[in-house]
Structure formats: structure tokens, C-alpha cells
Trainee: 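Before anything else, here's the structure in question.
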Amino acid sequence: MYLLSENARELIAQEERFGARNYAPLDLVVERAHGVWLWDVSGKRYLDCVSAYSAVNQGHCHPRIQAALVDQAAKVTLTSRAMRNDRLPAFLAELTRVAGYEKALPTNTGVEAVETAIKLARRWGYVTKGIPADRAEIIVFSNNFHGRTLAAISASSTAQYRAHFGPFVPGFRVVPFGDAAAVENAITPHTCAVLVEPIQGEGGVNVPPDGYLRRLWALCREHDVLLVADEIQTGLGRTGDLFACDYDGIKPDVLLLGKALGGGYYPVSATLAAGPLMDLLQPGDHGSTFGGNPLACAVALAALDVVISEDLPARARTAGAAILRQLRAAPSPLIREVRGRGLLIGIELTVPATQLSAALLERGVAAKDTQERVLRLAPPLTIDDAEIAYLLERFHGALASLAPQP
Ligand SMILES: *Cc1c(COP(=O)(O)O)cnc(C)c1O
């Protein structure tokens, strides 16, 4: 049994009493963190395989990102876009250079980038493609996750995300993920965009067949439709490439980033596109009070620099391949499938994933279920070989504790 300290129990009770219960967190009250490690309020150490849903690809409390935050916090932190600030130009220049786009629109949370892309794609559909007013359609995928706003849940196929939240935003068509023919059949003259996660994260770490994104990209070209890639979770090294789309050698018309763009310190998201497309948004058309603030820009510049200068995509590729290989080499009756790319790994079980996450927590590994029977392993990309060995040893111990006794 996993025993909580008195202190942890009190903190959990207080949170449950005064907080909305819209999450079911692990029984782990974190007090501090460094690199891949978390420490709870009684000083026990855990290897973090959640990474705040890939928002801390760079590892917790990275000293360079921390320094950027502290330096900027003493100068100026928020101006709003009513005026300019001296950090935004450098951030936009570096982000567009690194990602290979002409222009970027800065926001805060991931779902704001999704909303930006939906508005941009609809605007393009009406102004450039000539779709009749209010008829634009966006193709999305079963088991997608694009966030929690009304537009994002309107695009969702997950019953719980939608239940009793209607009426929904119209104009989304859901097709099965991984089936290019379904997309082709769903495209109409009113389709303005295909919105896709290159690998579905929350949906259960679903990796599409090789060449699928290339096929979607070709279909979009052929039918004059924008391809929008939601790389909020897969981007910035997580899957072993800087962007998961790089694996397929494609460059979507619109790229969405978030999570690790803030280096675990600050919410930073962005929508990237070609100049003529982005210029369809003019002053007053769209915005955010905090978007592009100097603190966010300073943090994001450092967060990007760490991903590139420490070559985290390469580390994710090597470390992820090692973990996948070792997991696949040790089959268990409790494991149905091990899938993923880089350090975005999903383990589909024959038992509820919460059972395995509880057994892992007892052994000093924090990992969370996504979908009922899928456990996600997504440690910070800085994980070293000794930490991988620790993870696998604890994983096999946890699995053995659940295995039916002969
Ligand atoms: C997390 C996530 C989002 C939403 O990001 P928030 O910062 O929670 O708004 C959108 N898309 C994908 C693929 C995500 O993983």
C-alpha cells in the first residue's frame, strides 16, 4: 500500500474541499523538482514520466530558463499589445527561424493557439478560397485532443469532454484517425482545413501508419485545403524530431506550438504560418492581453535555446528507442501493446492503467493513464541512461506486483 504522510493528506483534503474537482490527480503532492525528478512533501523522490503533459521537455527548473525568467522579471513583465516591448521581436524572429515559417502569432495556452488556427483557417476559407459565408468546415479526427474551449470540445469525439456542454460550435467533421481515404471522402468545396495531431497524445498515444501525414498533406494540396498540425504536445523534440511532422518530411500550412515552448515556467503558445496567410488577420481581428508579453518571450527564447543547444530531439530519439526496445523485449500478459515514438510512449494494458500508475507511484515513478487502459510514459527529454535503467527496473517491479499469481 502507498502510504501518504499526514501533511500530504491534509493538503489533499484542503484542495478537495476548496477546489473544483475537474481533475483526478495522482496521490502525489510535489514540493520541488529538478531535471527528471520530483520530491513530495515528505522528501520522497519520484521520476517524472508525466512532464506536465510534455510542458517540461527541458527538465524541471532548468537553470538557463530560470535565469531568463528572473532577469526579465526584474525589468518589465507585461505591457499588453497596446504598445511594443523589446523582447517580442527577438522571440518572433527566433521562433520563425527555428520552425521555418514566415510569421508567428503569440498566445498563452495551447488551446488559444488552436482557436487562433480555427479562426485563421475560416478567414482564409472565406477570403481566399471563396467559401460561402458561415459554411466553412474543418476536418478533425476521432480521439483528437485540442483543448477544452467550446470550439475545441466541439471538434472532439470524446463523450465526456462534451457531455452537457452544448450547444456546440458547428463546422467540424470527425473522421477516423489513420485513414487517409476517410479524409478524402470528407473533403467538400466548403472544407477550409484539416486539423491533426501528428501523433495523438491524450487520445492514447496513437501513431498513424507511416506516410499518413504525407498523404494528408498531398490531399490538402490537391483540394485547396489548409493542413493545420497541432504539435502542442508532439513538438519541440518530444517525438525524436524537432517537430513530429519532420518525421514525415512535411511542412503543414499552420503549425501550433505550446506546452514546452514555455519551458515549464510560463504558459506560452504560438501559431505559425506563411506571411500572406497570417496577414489575413489585421489589427483588432484577434488578440490576447498576455500574448507576447516580455516575460513570456524571454522564457520562450530560453526554452527554445535549450531544446536546440542541448539537442533534445536527438536525446528523445535515442532514449525513446532504448525504452521501447526494452519494453518490447519483456512481454507481459498485462501488456497488449507498446507504441510511440521518441519519448512519447503509450503502453496499452489488459487492466485499468490506474492500477499500474498506483504501483509505479509506490516505487518512485510518477506516470499517468490516458484513456482507461493506456499508460503514458513521457519523461523530460533530458533523461539519462541511469535514469532510464531506474525507470525500467521500477516498471518491471510494478508490473510484476499486478501480474496474476500462478
Ligand atoms: C495539451 C494540448 C492542447 C491544449 O493545451 P492547453 O495548454 O492545455 O490549452 C492542445 N492540443 C494538444 C495536442 C495538446 O496535447
Side-chain angles (χ1 to χ4, degrees), residues 20 22-23 25 49-57 105-121 138-158 160-162 165 169 172 174 177-178 193-208 213 216 227-239 241 243-245 247 252 254-272 288 290-291 296 299-300 303 316 340-346 368-371 374 376-378 381:
N22 56 327
Y23 276 93
C49 285
V50 181
S51 303
Y53 299 113
S54 297
V56 285
N57 285 359
L105 191 155
T107 40
N108 312 286
T109 62
V111 77
E112 286 173 271
V114 172
E115 292 275 339
T116 302
I118 292 169
K119 288 168 80 172
L120 184 60
I138 296 178
I139 296 173
V140 295
F141 297 88
S142 49
N143 295 314
N144 72 67
F145 184 85
H146 299 294
R148 300 294 198 158
T149 59
L150 273 169
I153 65 165
S154 297
S156 174
S157 68
T158 304
Q160 195 198 351
Y161 299 166
R162 297 166 57 94
F165 290 140
V169 178
F172 295 103
V174 182
F177 183 64
V194 170
L195 168 61
V196 68
E197 297 159 86
I199 295 176
Q200 292 185 329
E202 302 312 300
V205 189
N206 302 321
V207 184
L213 287 180
L216 291 191
L227 182 63
V228 181
D230 180 347
E231 294 235 29
I232 290 164
Q233 185 158 162
T234 55
L236 300 172
R238 172 56 55 188
T239 65
D241 289 289
F243 305 109
C245 284
Y247 179 87
V254 182
L255 177 71
L256 308 182
L257 298 178
K259 293 200 165 115
L261 190 55
Y265 275 91
Y266 200 83
V268 188
S269 60
T271 304
L272 291 121
S288 155
F290 285 85
V299 164
R341 193 190 303 151
L343 282 170
L344 186 56
I345 294 169
K368 194 92 175 76
D369 52 294
T370 175
Q371 307 292 309
V374 181
R376 176 170 35 192
L377 293 181
L381 310 186

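Counting starts at 1 for both ligands and their atoms, following the listed order. When reading the values below, keep in mind they use all heavy atoms of this one structure, side chains included, and skip hydrogens, waters and symmetry mates. Starting from 1, each residue takes its place in the sequence as its number.
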Trainee: Val114 and side chain to side chain contact (heavy atoms under 4.5 Å, CB included): which partner among Leu256, Val228, Thr149?
Mentor: Leu256
Trainee: Looking only at heavy atoms, is any part of Phe145 under 4.0 Å from ligand 1, and if so is it the side chain, the backbone, or both, or is it neither?
Mentor: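 Both backbone and side chain of Phe145 come within 4.0 Å of ligand 1.
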Trainee: Is the shortest distance from atom 15 (O) of ligand 1 to a protein heavy atom below 4.0 Å?
Mentor: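 Answer yes: something from the protein, a heavy atom, is under 4.0 Å.
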Trainee: With side chain to side chain contact (heavy atoms under 4.5 Å, CB included) as the test, would you mind laying out the steps for Leu272 and Val254 before giving the verdict?
Mentor: CA-CA 6 Å; Leu272 291 121; Val254 182; over 6 Å; no
Trainee: Just jot down the ligand 1 atoms closer than 4.0 angstrom to any heavy atom of Val111, in number order.
Mentor: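 Checking each atom against Val111, I get 4 (C), 5 (O), 6 (P), 9 (O).
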Trainee: Could you list which atoms of ligand 1 come closer than 4.0 Å to a heavy atom of Asp230?
Mentor: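 Listed by number with element, the hits are 10 (C), 11 (N), 12 (C), 13 (C).
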Trainee: State plainly whether the residues Arg376 and Glu202 are in salt-bridge range, i.e. N to O under 4.0 Å.
Mentor: yes
Trainee: Provide the number and element of each atom of ligand 1 under 4.0 Å from a heavy atom of Gly110.
Mentor: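 Numbered from 1, ligand 1 contributes 5 (O), 6 (P), 7 (O), 9 (O).
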Trainee: Would you say the side chain of Tyr247 lies within less than 4.5 Å of the side chain of Ile199, judging by non-hydrogen atoms?
Mentor: no
Trainee: Taking atom types as modelled, find out whether Arg162 and Ser156 have a side-chain donor-acceptor pair closer than 3.5 angstrom.
Mentor: no
Trainee: Do we see a donor-acceptor contact under 3.5 Å between the side chains of Ser288 and Thr107?
Mentor: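 Note: Ser288 and Thr107 side chains miss the donor-acceptor criterion.
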Trainee: In ligand 1, which numbered atoms sit nearer than 4.0 Å to a non-hydrogen atom of Gln233?
Mentor: 15 (O)
Trainee: Using a 4.0 Å heavy-atom cut-off, say whether His146 meets ligand 1 through its side chain, its backbone, both or neither.
Mentor: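 Under 4.0 Å from ligand 1, His146 contributes backbone atoms alone.
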Trainee: For atom 2 (C) of ligand 1, what is the closest protein heavy atom, and at what distance to 0.1 Å?
Mentor: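 The protein heavy atom lying closest is Lys259 NZ, 2.5 Å.
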